[in-house]
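Structure first, then comments.
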Amino acid sequence: MSTAAALDYEAAMRLAVEHADLVKGATYPNPPVGAVILDSAGRVVGVGGTGPAGSAHAEVVALRRAGSLAAGGTAVVTLEPCNHHGKTPPCVDALLDARIVSVVYAVADPNPVAAGGAARLAAAGVRVVHGVEADLVAAGPLREWLHKQRTGLPHVTWKYATSIDGRSAAADGSSQWISSEAARADLHRRRAAADAIVVGTGTVLADDPALTARLADGSLAERQPLRVVVGKREIPSEAQVLNDDSRTMVIRTHDPAEVLKALSDRTDVLLEGGPTLAGAFLRAGAIDRILAYVAPILLGGPITAVDDVGVPSIARALKWRYDGIERVGPDLLLSLVPR
């Protein structure tokens with residue numbers, strides 16, 4: 001593969017990632033995949049993302065948009081094209097029928113039922129290139145789905161907002177708003193892509209959150225995650241989390257393992273509870289990613305973002321590594337994964 005071709009494939013893959021991000025949260029149980037079709041001259045002639053379950057996969061959407069211009073061209077896909085007949089025919093069939101001559105993909109499909117697409121394409125004489133922008137895809141739109149395929153468990157992201165000195169509220173308990181409007185908008189976008197949001201009964205009783213995903217104008221997003229309340233205390237029937245804006249599950253337990261078991265059919269779970277719930281999940285090793293919105297303010301006081309995590313000394317600290325740092329308005333968004 002020439003250097004020029006490699007650069008073209010990387011740019012096309014980044015475009016495919018953008019379209020995968022657009023459909024994230026709407027494809028369950030299928031993965032959020034993006035695809036780009038290049039014609040024989042290397043020009044973009046079709047793009048697409050996987051639709052809701054039972055509808056067309058990303059490759060088929062992009063091929064339809066490309067039409068006859070796909071013949072002799074290249075398909076650039078974030079995930080290895082599937083080779084099985086589920087609710088839709090194999091994507092490999094669609095690529096062969098469109099007379100695609102090259103297929104470029106980022107990540108191999110770890111699902112043994114759907115895998116084998118690359119080998120079948122190669123056997124049919126299609127040039128196959130794999131691994132292009134694999135890290136970008138694996139840490140991006142496919143992060144949670146790949147985790148579910150590896151572990152059989154939902155991927156849990158602990159999200160919280162804090163001051164630079166690690167406080168989640170002022171000494172009087174007030175916490176609205178630590179983070180900026182831009183950070184809150186970013187959170188609502190992530191909520192709309194998640195399968196479930198988990199909080200404890202303490203958060204419901206103290207803050208009465210609605211736990212919905214909202215648009216910039218305050219209206220409800222089209223897609224709402226399942227709202228999950230964890231704990232043994234009763235919550236009032238008039239609590240916002242029980243309104244009709246979305247579905248709600250109440251799990252009477254303090255055990256993170258039981259919560260994950262109850263959510264075993266989900267892929268992308270946001271943990272938004274207070275310090276007690278966060279500490280329990282950290283002690284159980286049940287958090288796969290941390291998203292911390294850090295505001296440039298100092299609060300002091302006793303209310304921290306997390307309670308006891310079972311660390312008796314600095315030598316026993318829970319070790320994480322940064323896998324992303326970005327500005328969100330005046331705040332920093334820190335993404336961390338276990339080291």
Side-chain angles (χ1 to χ4, degrees), residues 153-163 165-179 183-184 187-188 190-191 194-214 224-264 266 268-295 297 299-311 318 334 336:
L153 297 171
H155 179 282
V156 178
T157 296
W158 172 36
K159 185 285 308 175
Y160 67 94
T162 181
S163 61
D165 55 340
R167 268 46 181 186
S168 60
D172 65 356
S174 59
S175 61
Q176 294 183 333
W177 296 100
I178 288 178
S179 59
R184 296 194 298 275
L187 167 62
H188 281 281
R190 295 178 187 275
R191 280 183 174 181
D195 296 320
I197 301 175
V198 180
V199 299
T201 53
T203 293
V204 173
L205 294 171
D207 300 335
D208 191 25
L211 298 182
T212 50
R214 295 190 174 271
Q224 295 294 326
L226 173 71
R227 301 175 294 192
V228 181
V229 181
V230 176
K232 296 187 177 181
R233 286 185 285 179
E234 293 294 329
I235 56 176
S237 59
E238 65 272 17
Q240 289 195 82
V241 77
L242 298 178
N243 65 24
D244 294 331
D245 290 342
S246 183
R247 291 174 299 141
T248 301
M249 175 188 294
V250 178
I251 307 175
R252 299 297 182 191
T253 184
H254 291 146
D255 185 352
E258 291 185 19
V259 177
L260 295 183
K261 183 178 179 180
L263 297 176
S264 61
R266 307 284 163 165
D268 185 0
V269 172
L270 281 179
L271 183 71
E272 292 193 20
T276 300
L277 188 65
F281 269 72
L282 284 165
R283 289 194 302 274
I287 291 178
D288 306 298
R289 186 189 190 190
I290 295 173
L291 284 178
Y293 295 89
V294 182
I297 60 174
L299 290 176
I303 305 177
T304 59
V306 63
D307 284 344
D308 176 39
V309 295
V311 174
L318 305 181
L334 309 179
L336 302 98

- Message: I'd like to know whether Val306 forms a side-chain contact (heavy atoms from CB on, under 4.5 Å) with Tyr160, so could you lay out the CA-CA distance, the side-chain angles of the two residues, the decisive distance to 0.1 Å, and finally the verdict.
- Response: CA-CA 9 Å; Val306 63; Tyr160 67 94; over 6 Å; no
- Assess whether salt bridge (Lys or Arg N to Asp or Glu O under 4.0 Å) is satisfied between Arg214 and Asp245, documenting all intermediate values. CA-CA 11 Å; Arg214 295 190 174 271; Asp245 290 342; 3.7 Å; yes
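When the options Val250, Val204, Leu242, Asn243 are evaluated for a side chain to side chain contact (heavy atoms under 4.5 Å, CB included) with Arg227, the one that passes is Asn243.
We find the CD1-CZ distance between Ile197 and Arg190 to be 13.0 Å, quoted to the nearest 0.5 Å. A distance of 9.0 Å separates NE2 in His254 from OG1 in Thr276, rounded to the nearest 0.5 Å. The structure places CG of Leu187 at 7.0 Å from CG of Leu270, a figure rounded to the nearest 0.5 Å. Summarising the geometry, atom OG1 belonging to Thr248 is positioned 11.0 Å from atom CD belonging to Gln240; distances are rounded to the nearest 0.5 Å. A distance of 12.0 Å separates OG1 of Thr304 from CG of Leu299, quoted to the nearest 0.5 Å. One finds the CG atom of Leu336 at 13.0 Å from the CG atom of Asp288 (value rounded to the nearest 0.5 Å).
Under the 3.5 Å distance criterion, the side-chain polar atoms of Thr203 are matched with a main-chain donor or acceptor of Gly274. Side-chain atoms of Asp195 come within 3.5 Å of backbone N or O of Asp268 as a donor-acceptor pair. A donor-acceptor pair under 3.5 Å is formed between the side chain of Arg191 and the backbone N or O of Thr212. Ser179 places no side-chain N or O within 3.5 Å of a backbone atom of Arg184 that could act as its donor or acceptor partner. Without hydrogens or angle criteria, Glu272 side chain to Val199 main chain gives no donor-acceptor distance under 3.5 Å.
Across every non-hydrogen atom of Ser163 and Ile297, the tightest pair is CB-O, 3.2 Å. In this structure, Thr162 and Ser168 approach most closely via the heavy-atom pair OG1-N, 4.5 Å.
Between Pro275 and Asp308, the closest side-chain pair of non-hydrogen atoms is not below 4.5 Å. You'll find the side chain of Leu263 reaches within 4.5 Å of the side chain of Leu226, heavy atoms only. Side-chain contact check for Arg252 versus Glu234: some heavy-atom pair is nearer than 4.5 Å. In this structure, the side chains of Ile178 and Arg167 stay at 4.5 Å or more apart for every pair of heavy atoms. Using a 4.5 Å heavy-atom threshold, the side chains of Arg233 and Ile235 count as separate. Side-chain atoms of Leu271 and Ile287, non-hydrogen and from C-beta on, do get closer than 4.5 Å to each other. You'll find the side chain of Trp158 reaches within 4.5 Å of the side chain of Leu282, heavy atoms only. Counting heavy atoms from C-beta outward, Leu334 and Ile290 have side chains that stay 4.5 Å or more apart.
Look at Lys261 and Asp255 and you find no salt bridge, because none of the NZ, NE, NH1 or NH2 atoms lies under 4.0 Å from a carboxylate O.
Gln224 and Ser246 share no side-chain donor-acceptor pair at under 3.5 Å.
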